[in-house]
Every structure is written in C-alpha cells, then in structure tokens.
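Nothing here was measured: the structure is a model prediction, and the numbers come from that model. Here, residue 1 is the first one in the sequence, and each next residue gets the next number.
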Amino acid sequence: MKCKHTILAQSDFGYVAHCETCHRLQIGFGTVVLSLTAVEFTHFRQAVIRKYGLMDPNNRTNKNIFVETSANNVQLAFTGLELFHLNSLIAQGEAVMPVASQGLLS
C-alpha cells in the first residue's frame, strides 16, 4: 500500500509526519529522513531528550553530540543548536500525534 502522510509538525529544519496507511512516523531533519514505528519513535525521542539535557548550550558549531538510532551502528551527529531545533520539532509533532500512535508511545 502507498503511504499517505499527514504533517504533524514542520519548521525550516524539518518535519514530523504520520502515515495513515502503515502508521509509521517519519522525521525529516536536514538531509536525514527516519521512518520509525511508534516504539522506535519513542526510543529516538528519549535519546534526543537525554542528549539535550546533557548538552552544552554554547555548542553552536561542533557536531559532537551523537544520538543513537534503532539501526545498529548508526548514530546521528548534531551541534547543540541543531539538537535544540530537533527536540522542539519532535515535541511539536508528538503533541499532535494521532491517538492510535500515542497509545503505542507510552
């Protein structure tokens, strides 16, 4: 079946979308697009929150913050500023997530 995405949140940096067909969540940020199950989205969201809480707020240029993904041996590198924008974008998307996906996020 072909995916039918609904944009949940969008900014100059990326978007969060939900597929009404397969119920996967898509995070597009910079040049990266992640297609995640609700459980994978939760794990990624938790990893972003964890790193965001530990980051140096003055780090605006060094890509030395690494966030793990659900894929083995794949991490994404961010500056503090990029992580700030990613965290905000995911939080906005999560706030309006369809109820079907929210139940899986707990």
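Taken from CG in L83 to NZ in K51, the straight-line distance is 9.5 Å, to the nearest 0.5 Å. Here the straight-line distance linking atom NE2 of H85 with atom CD1 of I90 works out to 13.5 Å at 0.5 Å rounding. Put simply, CD1 on I27 and CG on L86 are 6.5 Å apart, with the number rounded to the nearest 0.5 Å. The structure places OG1 of T79 at 8.5 Å from CE of M55, a figure rounded to the nearest 0.5 Å. The OG atom of S35 lies 6.0 Å from the NE2 atom of H5; values are rounded to the nearest 0.5 Å. Note that CZ of R24 is 8.5 Å distant from SG of C3, once rounded to the nearest 0.5 Å.
Formation of a donor-acceptor pair under 3.5 Å by the N62 side chain with backbone atoms of N64 is not found in this model.
For A91, the side-chain contact (heavy atoms from CB on, under 4.5 Å) partners are R45, not counting sequence neighbours. With sequence neighbours left out, the side-chain contact (heavy atoms from CB on, under 4.5 Å) criterion links T21 to M1, K4, C19.
Put simply, the side chain of Q92 does not reach to within 4.5 Å of the side chain of V16, judged on heavy atoms. M97 is listed as a side-chain neighbour of F41, based on a closest heavy-atom distance under 4.5 Å. Between L89 and F84, every side-chain heavy-atom pair lies at or beyond the 4.5 Å cut-off.
Between F29 and F78, the ring-plane angle classifies as perpendicular under the 30° and 60° cut-offs.
Using a 4.0 Å cut-off between charged side-chain N and carboxylate O, E82 and R60 make no salt bridge.
Following chains of ILVMFWY side-chain contacts shorter than 4.5 Å, one cannot reach Y15 starting from V32, and the two form parts of different hydrophobic clusters. I49 and L34 end up in different hydrophobic clusters when Ile, Leu, Val, Met, Phe, Trp and Tyr side chains are linked at under 4.5 Å.
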Using side chain to side chain contact (heavy atoms under 4.5 Å, CB included), reason through I65 and L76 one step at a time and then give a plain yes or no. CA-CA 8 Å; I65 302 169; L76 303 177; over 6 Å; no
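Among pairs with a residue in residues 67-77, those fulfilling side-chain hydrogen bond (donor to acceptor under 3.5 Å, both in side chains) read R50-E68, at least two apart in sequence or across chains.
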